[in-house]
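Structure first, then comments.
Worth saying up front: this structure is predicted, and the values here are computed from it rather than measured.
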Amino acid sequence: MSLNALKAAAMLENEVARELWATDLKKQAAKVHPQVSQVVQIVVAEVAAATGILTTEITGKARQQPLVRARHFAWFKLMELGLSANEIAGAFQTDHSTVSKGAEKIRAVLEPQKRGAQA
């Protein structure tokens with residue numbers, strides 16, 4: 001996902017986007033920098049669309065494997081976009097080390113695939 005795609009998604013103000021963020025995530029995100037919370041919202045919405053998992057489930061505390069994997073992927077993408085583990089942790093109301101470990105699990109899965117595609 002490119003930064004331009006994120007910017008374009010940020011500009012989209014439609015009824016669906018407003019409904020998505022009328023959840024607890026909006027309250028959580030208000031505690032972090034506005035630009036960080038906007039990027040978090042966009043990435044979580046894109047992960048939700050790709051996985052079919054609700055945004056509230058991605059940002060929640062449930063520990064079922066599909067939800068955790070989607071959450072970890074969102075953390076990974078956010079770190080790839082330059083957010084720190086502390087910023088992400090603030091938006092998800094979790095510890096920065098949890099975010100780092102979750103993102104690292106996704107990186108470990110994707111790195112061998114990336115190397116294989118380059119060969």
Side-chain angles (χ1 to χ4, degrees):
M1 169 175 37
S2 70
L3 188 55
N4 288 336
L6 285 175
K7 287 178 182 177
M11 290 183 193
L12 294 176
E13 293 186 13
N14 59 35
E15 194 60 34
V16 174
R18 282 190 281 267
E19 287 177 16
L20 283 174
W21 304 113
T23 64
D24 284 343
L25 178 62
K26 191 171 187 177
K27 293 175 191 169
Q28 294 170 18
K31 297 176 185 174
V32 296
H33 192 277
Q35 290 175 336
V36 170
S37 66
Q38 193 173 35
V39 172
V40 169
Q41 291 175 2
I42 293 164
V43 170
V44 169
E46 289 185 357
V47 171
T51 61
I53 296 173
L54 298 174
T55 58
T56 53
E57 292 176 319
I58 293 171
T59 59
K61 302 288 184 190
R63 294 174 58 186
Q64 290 87 7
Q65 187 177 15
L67 305 180
V68 171
R69 191 161 294 176
R71 189 176 304 129
H72 288 178
F73 187 74
W75 295 346
F76 169 78
K77 290 304 290 180
L78 289 164
M79 289 184 89
E80 291 283 306
L81 292 171
L83 273 66
S84 71
N86 283 328
E87 291 171 321
I88 298 165
F92 283 82
Q93 293 185 336
T94 192
D95 188 73
H96 74 279
S97 62
T98 303
V99 170
S100 294
K101 288 177 187 174
E104 185 55 40
K105 286 181 180 183
I106 299 299
R107 184 175 289 106
V109 170
L110 295 180
E111 285 300 319
Q113 292 175 356
K114 208 182 234 186
R115 278 188 236 131
Q118 292 174 352

d(Ile106 CD1, Phe73 CZ) to nearest 0.5 Å is 7.0 Å
Can you tell me if Ser97 and Asp95 form a side-chain donor-acceptor pair at under 3.5 Å? yes
Is Glu104 salt-bridged to Arg107, cutoff N-O under 4.0 Å? yes
CD/Glu87 to OG/Ser37 distance, rounded to the nearest 0.5 angstrom? 11.0 Å
Please determine whether residues Val40 and Leu67 belong to a single hydrophobic cluster, defined as Ile, Leu, Val, Met, Phe, Trp and Tyr linked transitively by side-chain heavy-atom distances below 4.5 Å. yes
Are Leu110 and Met79 connected, step by step, through hydrophobic side chains (Ile, Leu, Val, Met, Phe, Trp, Tyr) whose heavy atoms are closer than 4.5 Å? yes
In terms of hydrophobic clusters joined by side-chain contacts under 4.5 Å, are Val43 and Val68 together? no
Is the side chain of Glu57 donor-acceptor paired with the backbone N or O of Leu54 at a distance under 3.5 Å, no angle test? yes
So, do Phe76 and Val99 sit near enough that their side-chain heavy atoms are less than 4.5 Å apart? no
Can you tell me how far CZ of Phe92 sits from NZ of Lys61, rounded to the nearest 0.5 angstrom? 10.0 Å
Would a 4.5 Å heavy-atom cut-off, applied to side chains only, mark Leu83 and Trp75 as touching? no
ILVMFWY network linking Leu81 to Ile58, side-chain heavy atoms under 4.5 angstrom: yes
Among Val47, Ile88, Val36, the one residue meeting side-chain contact (heavy atoms from CB on, under 4.5 Å) with Leu78: Ile88
Please examine the side chains of Thr59 and Thr55, heavy atoms only from C-beta on, and report whether any two atoms are closer than 4.5 Å. no
Val44 versus Ala74, closest heavy-atom pair with distance: CG2-CB, 4.5 Å
